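Here is the structure we will look at, set down as structure tokens.
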Amino acid sequence: MDAGSLLRGMTEAQSQAVQHVEGPLLVLAGPGSGKTRVVTHRIANLLHQGVPDWQIAALTFTNKAADEMQLRLERLAPGREVWMGTFHRFCAQLLRRHAAMVGLKENYSILDAKDSLVAVKRAVQLAGVSTSHTSPERIANEISSAKNQLLTPEILLSQNLNPLRAVAAQVYPVYQRQLLIANAVDFDDLLLHIANLLRQNPEMRQQLDARFRFLMVDEYQDTNLAQYAIVRALSIDHPNLSVTGDPDQSIYGWRGADVNNILDFEKDYPSVTCIRLEQNFRSTPTILAAADHLIQHNRRRKAKRLFTDNLDGEMVVLRHFVNNYQEADGIAEEIIRAMAEDGASLGDFAIFCRTNSLTRSLEHSLRSRSVAYQIVSGVAFYQRAEIKDLIAYLNLINNPDHDVALGRVINTPPRGIGAKTVEHLQRYADQQAIPMLEACREVDQIVDIKKRGKTMIKKFVDMYDLIASKFAVPVMDQLKFVIEKSGYGKHLDAIDKESEGQSRRENVDEFVNAASEYDRKNPEDGSLEGFLEQVALISDTDAFDDSGQAVSIMTLHACKGLEFPRVFIIAVEDHLLPHERSRDDEAQFEEERRLLFVGMTRAEQWLQLSYCKSRAMRGDLRPAIASPFLNELPLQDMRQIESTPRQDWFDNEFDQSSQFDDDMPVFQVSDRGSASSADSSGDDSFDFGANQAAVDEFPEIQQDTSDVQKPADEPSPSEAAKAKAASFLNSVKTAADLATGASAPLTAYRKGSRVMHESYGEGTIVKVSGRGPKCVAKIAFADGEHDFRLAFAKLQLLDD
DNA sequence: AGATTGCGTCTTTTT
DNA sequence: GACGCAATCT
């Protein structure tokens, strides 16, 4: 491809950016302004100008963004290999080469957030600090933010201001020391170590600066101090740094991102060329105007003018619903309607929400209508217990010092090595400052461990040596060997037999496939180490499949960088968007506004915002209030749809005869209103108004309730009991919704079991009898009919 | 040792 | 609703 055709169809501003070769470049790119296109074309142009592949590196925040760029570049400049990837991957690979300089070995492991929390907990114990007024999570958070700001343990100790920081400062050095012993790093360390290396080794910095002569950073508004330091250090002798971003899309302030990095870029590099991409090629003018209207309300902001030549489209919809179930149903219905009438396809739709927990009712509604969906960043595949277990085995093989991994597998499957024994092992390891596997090998030295424990540990070490002896074979073979020899396979089969539900074995098989896929892609340089690195740095957002025929559901954070023809944003309500934890601080409040801005600007043709009158959260039905952001939209130009209230059971007279009305739609059968959700009645933010009325009106029901929940030792109903009664009524309402002949996805507790979510899949309701706590529904499933009883707070499967 | 159960706590966003 | 923890049972 020649230089001329690289510019075809580009605006003046775009082609200027593409043609920029030497010197710092700042591209302020509004949403949908063709930023990725500009970046990839610029890389192609650099190559065309004779810049060697290896002198260029493009840093992104997600693997998906990197893959997308890679793909597009391949079309522009086939066969050229430019390094593209996330900040974390970039640092991980550099660190492999220079591990020794920070006291690590090159086979170091990367801890994910969960693993790192485990390590922090251990460090808290060892440091001997009290967590009475804080939690390991908070401490971990504090350490993480310290790392993001490039603060060493020493600095943190010297400037302890608030009590939480002071505690974190005590734990931080202990934690760091343990990570070194375990030959491991956490996510933040990847950046921190590299930033420190670059600062402390001028020679190495110089070399790398020369090596990565042309550096590009995407989403620059989301860089934190560590990332900033790295980028700057690599652009001193060769300041061919090009950054793209949009201050209005900065949504990671909570993670240490600093918008000033982009706002002050011109100060850092006075000779910068600044280009603004303000023309939007994505959305209709109506959508763009609504988003622009909103973002104008941010005070701390660089003024920007967004415009588009696109044709006018439908009005933005602002829709109100009675509750979240209706909201979910309404969206599902709209999707079905748009597909039937407007020729839309499943992949056109996306649903965004503020928090992950909001996806639940959506799932129910879509599944019950057989609308295919994918949840981006839901319960992650790699976070499932069985997958994490296997990864831990592999980690321990690759890095025998990995204590977190050892802690995870030493008694999984059960090998008779109990908590007490592990504790003794850990203490010994801490004393000797050695990894725990080492301690296992020296188990004879540990006086506290009984003979039986010693034998068990020796057996475990033998097993380890066996599975670790297969080093340097394809990862898939290694994995299969582990599954067989560790006894984990048998263990899994036992579990799968025990609980009929989803098969863990299937997940494991999928993981084995992933391993074989890795082997196939890396026939030469494939190694366990590489596989583990890839697995550690993969994010759930990356699993998003845009070719698939499915509706996409994701958080507002996950939607950045994506676009969809039709977008729904749900729960635009106060305390959710803006989130209650971000309401008080103005900077955070503005970030919430940007979050909504990002969501709105993903839409190409059609956009709906919705909010509810009440929303079920944590088992309780809570009143919801419209988001203040809604008043900042051009409402007169939008289509507002009010809810048409369904006959809600507790909104009206309690009419017993109509309880099992056959026409009543089935909403959701679930275990709403759990017994543990009590004691919230004292809280002003809870309103049991409607339910409370029912409680007062039907004392006999309340009597039933207290019978079920408490063995008659409480004389008069407390506020808490009333609240429990209210949520109980909620459950009864659910039973009332069971209409004969309807089909419903059913999730239930198995009687007497702690197993949550025993899913029975789709079933048809054959018969409903009784009511209240005695209500029994007979439901036919593929494997036959089962009776379900709605007991207090739980849907129970009766004995077979 | 291991399984089970009840209880208390926390629940935003993620590389 | 999810999870960790501690008390209790098998």
Side-chain angles (χ1 to χ4, degrees), chain A residues 59-66 85-92 110-114 116-118 121 135-138 141 144 147-148 186-191 219 222-224 226-227 251-257 352-358 360 376-377 379-380 383 385 411-422 450 452-453 456 498 536-542 554-560 571 575-583 588 591-592 594-595 598-599 616-620 670-679 727 747 749 752-757 793-794:
Chain A
L59 302 177
T60 62
F61 277 80
T62 62
N63 292 302
K64 184 171 171 11
T86 63
F87 259 106
H88 287 84
R89 193 179 297 278
F90 181 77
C91 292
I110 301 168
L111 304 190
D112 67 15
K114 273 257 175 71
S116 132
L117 185 61
V118 172
K121 280 181 183 163
S135 66
E137 284 83 3
R138 282 161 186 243
N141 235 328
S144 168
K147 287 182 175 179
N148 285 333
D186 61 24
F187 283 140
D188 304 310
D189 280 338
L190 289 171
L191 305 175
E219 309 281 13
D222 287 330
T223 48
N224 60 33
Q227 289 161 327
I251 56 176
Y252 285 102
W254 52 274
R255 214 173 69 188
F352 304 150
C353 46
R354 177 66 233 265
T355 66
N356 281 307
S357 59
L358 290 169
R360 239 177 294 266
V376 179
S377 179
V379 179
Q383 304 239 36
N411 205 29
T412 322
R415 299 190 170 86
I417 303 173
K420 264 274 172 298
T421 310
V422 174
K450 303 248 159 24
R452 194 181 125 84
M456 294 309 198
E498 192 74 18
L537 295 180
I538 218 157
S539 80
D540 310 325
T541 321
D542 304 327
M554 67 191 85
T555 63
L556 285 163
H557 283 88
C559 78
K560 194 169 64 156
H575 299 285
L576 272 167
L577 186 65
H579 195 271
E580 52 192 343
R581 309 247 265 201
S582 304
R583 274 203 60 114
Q588 290 184 48
E591 182 156 309
E592 297 285 317
R594 289 195 292 269
L595 206 44
V598 168
M617 291 193 81
R618 290 184 221 153
D620 296 315
S670 76
D671 46 336
R672 272 188 284 149
S674 86
S676 61
S677 65
D679 259 340
S727 62
T747 306
Y749 289 81
S753 161
R754 221 171 111 80
V755 181
M756 319 290 274
H757 288 308
K794 286 180 182 178

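So you know, we letter chains A, B, ... as the sequences are listed, proteins then strands, and number each from 1. What you see is a predicted model; the values in this text were computed from it and never measured.
You can call A:Trp254 stacked on the base of B:dT13; the centres are under 5.5 Å apart and the planes sit within 30°.
Within the 4.0 Å cut-off from OP1 or OP2 of B:dT11, at least one side-chain nitrogen or oxygen of A:Arg581 is found. Dashed line: the shortest gap from a side-chain N or O of A:Asn356 to OP1 or OP2 of B:dT11 is not under 4.0 Å.
Picking from B:dA3, B:dA1, B:dT13 the nucleotide with the shortest atom distance to the side chain of A:Thr355 gives B:dT13. The A:Thr555 side chain lies nearest to B:dT14 when the options are B:dG2, B:dT15, B:dT14. With B:dG2, C:dA2, B:dT13 as the choices, the nucleotide that has an atom nearest any side-chain atom of A:Arg360 turns out to be C:dA2. Counting only heavy atoms from C-beta on, A:Pro414 has its side chain closest to B:dG2 among B:dA1, B:dT13, B:dG2.
In this structure a side-chain-to-backbone donor-acceptor pair under 3.5 Å is present from A:Asn63 to A:Leu537.
Contacts of A:Arg138 with the nucleic acid, taken as non-hydrogen atoms under 4.0 Å apart, are absent. Contacts of A:Phe61 with the nucleic acid, taken as non-hydrogen atoms under 4.0 Å apart, involve only primed sugar atoms and P, OP1 or OP2. Using a 4.0 Å heavy-atom criterion, one finds that A:Asn411 contacts the sugar-phosphate atoms exclusively. Within 4.0 Å of A:Phe87, counting heavy atoms only, lies no atom of the nucleic acid at all.
Between A:Arg452 atom CZ and B:dA1 atom P the separation is 6 Å, expressed in whole Å. What separates CG of A:Asn63 from P of B:dT14 is a distance of 15 Å, to the nearest Å. The nearest whole Å value for the distance from the CG atom in A:Leu111 to the C1' atom in B:dT15 is 14 Å. Put simply, CE on A:Met554 is 15 Å from P on B:dT13, counting in whole angstrom units. We find that CG of A:Asn148 is positioned 14 Å from C1' of B:dT13, with the value rounded to whole Å.
Listed by chain and number, the residues in a side chain to side chain contact (heavy atoms under 4.5 Å, CB included) with A:Cys353 are A:Leu358, A:Thr359, A:Ile570 (sequence neighbours excluded). Residues passing the side chain to side chain contact (heavy atoms under 4.5 Å, CB included) test with A:Arg452 are A:Met456, sequence neighbours excluded.
With salt bridges taken as basic N to acidic carboxylate O contacts below 4.0 Å, none links A:Glu592 and A:Arg583. We find that A:Asp222 and A:Arg255 are not joined by a salt bridge, their nearest charged nitrogen and carboxylate oxygen being 4.0 Å or further apart.
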